[in-house]
Trainee: 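Just dropping this structure here.
Residue numbers begin at 1 in each chain, while the letters A, B, ... track the order of the sequences. Hydrogens, waters and symmetry mates are skipped; everything else that's a heavy atom, side chains included, is used.
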There are 2 protein chains.
Amino acid sequence: MTLPDSASATASSQVFDALKKDLIRGKFKAGEKLAISTLKSHYRVGLSPLREALNRLSAYGLLEQVNQRGFRVPAMRLEELNDIANLRSQLECMALTQAFQNGDAEWESLLVAAHHRLRRADEMPEQIEEWEQAHLRFHRALLAACGSTWLLRFIEQLHDQFDRYRRMAPPNPTVRGELDAQHGTLVEHALNRDIAAGRALLDDHIRLSHDVAKGCCQP
Amino acid sequence: MTLPDSASATASSQVFDALKKDLIRGKFKAGEKLAISTLKSHYRVGLSPLREALNRLSAYGLLEQVNQRGFRVPAMRLEELNDIANLRSQLECMALTQAFQNGDAEWESLLVAAHHRLRRADEMPEQIEEWEQAHLRFHRALLAACGSTWLLRFIEQLHDQFDRYRRMAPPNPTVRGELDAQHGTLVEHALNRDIAAGRALLDDHIRLSHDVAKGCCQP
DNA sequence: AGTCCTCATAAAATCGATTTTTTTATCGAT
DNA sequence: ATCGATAAAAAAATCGATTTTATGAGGACT
């Protein structure tokens, strides 16, 4: 008897998820070449599902593939971080505008709920992964009502890219407190449908995270 | 002795390219489920490279993958076409602004060259694939100098999505002539660095293509 | 010394077969 | 007749082995 899993995970998708998480977490060195046989034993999967996951990850932009010489973790370049942060700011402000216009009561309550979970996670600084997940979900919830599937897709992709840099950088408790406070204010602006204030604050928020993330490129 | 190929293509990347082309061309029915064994014999490749290509294509958004039940060609929905066209317009106008600001002489000459090739292709209406390639390259060249790798990446992805709809729609010779003319005017605006005119025209251009492409959803 | 070749090794890519899961077909019970 | 269970067939996913290609060490030649 098999469990009625939400979506019975194949080995491919499991190792995809695990690898994605580890790549964003910074478990691998930037620029490192991945040794397939090592990954195989580490993630306990066969060659085929592993290669399928690696192929998906390079199409997603978390790996680089060169044709006859395997897979490589992308380098961390300040120039690219700037590109990611700038674009992220533009796209998220675009989405915020639409979300504030289209969002209904259901959106509001999901956003408030996501924010509540994030504040709970703020209180337990030792559980990093829980906070990271709550944080990602909060930002998703903020823009979820924007109405554009493709915009959300690109924003998610940029967010993952951005996090790869941010999580590599040394933490800054002062700034961290400020960032946390901004989340609450963002919710207020959302409930007030104050687009101008929301955009300005989200832009600040990303700029501030950007400053933190820069710490990973020039030590 | 092996040929010093530009980048020795693996079976995976070859079938990826071929499948991508066929998907955009509309060789498969929308919503169709892909029969792996059929593809295998059609593209003359083994299972592993084929599956790797399919995985890449679903990460790219040209296929949908459901975990234990294979790969499916995405349906064509008017709503999605609208989303793609809107976002494409926004992102391309963004890129155009930056390209007009940053573009140097090299950019100008590559753009003029790409336009020249496109006009040549216009003259031979029977060679569709050649025109399609020239057209894609022209639009790439127009925005190439924008300076943002990630923006270009997303635009390329949206362009592929858009083309899947456009190429399914019945051709409209009248509009087609107008669209062709717009390409020339876009080059003029680029050389004049007239950002406002360029954005307005590019927006029109996409809107007009959008109208044509709509023909595929409601026959 | 430096460059170019050759061979040995390691890694990537591919194949064919096997295992697992889904889909379809069949049959019996209500 | 419809529903549900079961068995057979088909398809997807995975494995292990093989083939192909890149990498690196050694040696001959200029």
Trainee: Over how many whole Å does the gap from B:Arg72 atom CZ to C:dT23 atom C1' extend?
Mentor: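 After rounding, the reported distance stands at 13 Å.
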Trainee: Can you give me the N/O atom pairs linking the protein to nucleotides 7-13 of chain C at distances under 3.5 Å, or say none if there are none?
Mentor:
unit_1 : atom_1 : unit_2  : atom_2 : d
C:dA13 : OP1    : A:Asn67 : O      : 2.0
C:dA13 : OP2    : A:Arg51 : NH1    : 2.8
C:dA13 : OP2    : A:Arg51 : NH2    : 3.1

Trainee: Got a sec, which residues hit salt bridge (charged side-chain N to carboxylate O under 4.0 Å, His left out) with B:Arg120, two or more places apart in sequence or on another chain?
Mentor: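 Counting only residues at least two positions away or on another chain, B:Arg120 forms no salt bridge (charged side-chain N to carboxylate O under 4.0 Å, His left out).
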Trainee: Rounded to whole Å, how long is the line connecting atom CD of A:Gln14 with atom P of D:dA12?
Mentor: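 Whole-Å distance recorded here is 20 Å.
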Trainee: Excluding sequence neighbours, so at least two apart, what forms salt bridge (charged side-chain N to carboxylate O under 4.0 Å, His left out) with B:Glu80?
Mentor: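 Not a single residue meets the salt bridge (charged side-chain N to carboxylate O under 4.0 Å, His left out) criterion with B:Glu80.
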Trainee: Expressed as a whole number of angstroms, how long is the span from B:Leu50:CG to C:dC15:P?
Mentor: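 Going from CG in B:Leu50 over to P in C:dC15 covers 10 Å.
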Trainee: Suppose the criterion is ring pair (Phe, Tyr, Trp, His ring centres under 6.0 Å): which pairs have a residue in residues 41-66 of chain B, not counting sequence neighbours?
Mentor: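 Found none.
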Trainee: Applying side-chain contact (heavy atoms from CB on, under 4.5 Å), name anything that partners A:Val66, two or more places apart in sequence or on another chain.
Mentor: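 Checked A:Val66 against side-chain contact (heavy atoms from CB on, under 4.5 Å); matches are A:Arg69.
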Trainee: For A:Glu123, which residues count as a salt bridge (charged side-chain N to carboxylate O under 4.0 Å, His left out) partner, sequence neighbours excluded?
Mentor: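 Salt bridge (charged side-chain N to carboxylate O under 4.0 Å, His left out) check on A:Glu123 returns nothing, list empty.
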